[in-house]
There are 2 protein chains.
Amino acid sequence: MKKGSKREEIINTAALLFRKRGYTATSVRDIAREMGMEASSLYNHIASKQEILNHLLLSIGQLFSEGMKDIKTSPLNSIQKLERLVDMHVRLTIEHTDAISLIPNEWIHLEAPAIKNFLVLRDEYEKEFTAIVSEAIDQSYVKEVNIELAVFSILSTLRWLYSWYSKNKSINPIELETEMRKCLIDGLRISEHTV
Amino acid sequence: MKKGSKREEIINTAALLFRKRGYTATSVRDIAREMGMEASSLYNHIASKQEILNHLLLSIGQLFSEGMKDIKTSPLNSIQKLERLVDMHVRLTIEHTDAISLIPNEWIHLEAPAIKNFLVLRDEYEKEFTAIVSEAIDQSYVKEVNIELAVFSILSTLRWLYSWYSKNKSINPIELETEMRKCLIDGLRISEHTV
DNA sequence: GTCTATAAGTCGATAGAC
DNA sequence: GTCTATCGACTTATAGAC
């Protein structure tokens, strides 16, 4: 496993601590202790604690934006795009568990102007997600539901998947994608027509 | 609207601030400012900041436990119980939005022994929730899915509902229950047999 | 690039006057 | 029950020696 720069090590260490204790409750000294150095030494590699949070959230936000763009511009139909979105969340959750854990809550500790950049990225992502669900309804792949609530429901689970994955790392990624599509798109109930 | 005691006012004010800024980033002085008094005066009504968090999380946990007990011991069948659980989350979210917002993340800031009490309540609740889904599968109301992942998926959305509701308070509660049951149990996809 | 020392401020909580 | 004053610990971040 290739080792990153010391800066990257610090950022990854911070991500783990931010996930476990929260951004505010994690001190620069905590990060330094975990790195085996003094707090002041960290400042040779990072500008501030805030910069770490900013970097983590905006870089993971970029990954989601790029993934969304690829799926949106693909030749897949709307329901296939929806399935690919679920798969992308599963894959990014497995690859960037700690950074992703900051998305639901810790973004509130971003300062201006970083917080605005993050919220713009998030809003754009949700709009594009909503457009795909809307298209799936128009094309009769999906039932007529409250679209905003359906998108919220799917994204809530996908954004929290990191907490489930943290405790179940041995699951096969393909199986996780399959199960998530069942839970989020297909539904649990056995329809009366097929019983 | 009946006004509570000053202690209750403080706790409700703290809940709102904890939701918006997080427990750690909310100072006792912040709570006092919102109450229009000095920080030291709060201590005539509460023992500590930690006591507020403890009270909020354990009292809301009690409400869920009691609701679960009522549903579990009811004469409903398993799929009806599952629907009632969704309804209960919706109702408690509407009635206790701020306190419920602390469940996904802020419990990590509980100290011993309160944190253990909270986690015992939560684990019991999840076990009983899982048992009901399991029963629904055995009785062929629900498809054969990864039970733990399905429960996680449903609870993720229900625990995050407070954030959607905070921005959409005008929705009719009955409609919200109906839509959540569709998203979480029935599924979005139109099955091939019914098209 | 790492250290020691420290600045400048905030934290939760308490003492004691009124 | 509310206030002013304050304690001691902790916070992020910087200065400067090596």
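The basis for the numbers below is simple: all heavy atoms, side chains too, and nothing from hydrogens, waters or symmetry mates. Labels below follow one simple rule: chain letters A, B, ... track the order of the sequence lines, proteins then strands, and each chain is numbered from 1.
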Next on the checklist: Rounding to an integer number of Å, can you tell me how far A/Met37 CE sits from D/dA13 P?
Outcome noted: 15 Å
Checklist entry - Rounded to the nearest Å, what distance is computed from the NE2 atom of residue A/His45 to the P atom of nucleotide D/dA13? => result 16 Å
Checklist entry - How would you list, by chain and number, every residue that makes a salt bridge (charged side-chain N to carboxylate O under 4.0 Å, His left out) with B/Lys182, sequence neighbours excluded? => result B/Glu179
Checklist entry - Taking C-beta and beyond as the side chain, do A/Leu121 and A/Phe64 meet within less than 4.5 Å on heavy atoms? => result no
Checklist entry - With A/Ile115, which residues qualify under side-chain contact (heavy atoms from CB on, under 4.5 Å), at least two apart? => result A/Trp107, A/Leu110, A/Leu119
Checklist outcome for this item: The contact string for nucleotides 12-18 of chain C, one letter per nucleotide 5' to 3', using protein heavy atoms under 4.0 Å with B, S and - for base, sugar-phosphate only and none, comes out as BBBB---
Item to check | Residues that A/His109 engages under ring-ring contact (aromatic ring centres under 6.0 Å, His included), provided they are two or more places apart | outcome: A/Tyr23
Item to check | Distance, rounded to the nearest Å, where B/His109 contributes NE2 and C/dC11 contributes C1' | outcome: 14 Å
Next on the checklist: Please enumerate all residues that pass side chain to side chain donor-acceptor pair (under 3.5 Å) together with B/Glu126, with sequence neighbours excluded.
Outcome noted: B/Arg159
Next on the checklist: In this structure, how many angstroms lie between the C1' atom of D/dC10 and the CD1 atom of A/Ile31, rounded?
Outcome noted: 15 Å
Checklist entry - Rounded to whole angstroms, how far apart are CD on B/Glu38 and C1' on D/dT4? => result 8 Å
Checklist entry - To the nearest angstrom, how far is B/Leu42 atom CG from D/dT4 atom C1'? => result 15 Å
Checklist entry - What pairs meet the salt bridge (Lys or Arg N to Asp or Glu O under 4.0 Å) rule with one or both residues in residues 51-65 of chain B, with sequence neighbours excluded? => result B/Arg7-B/Glu51
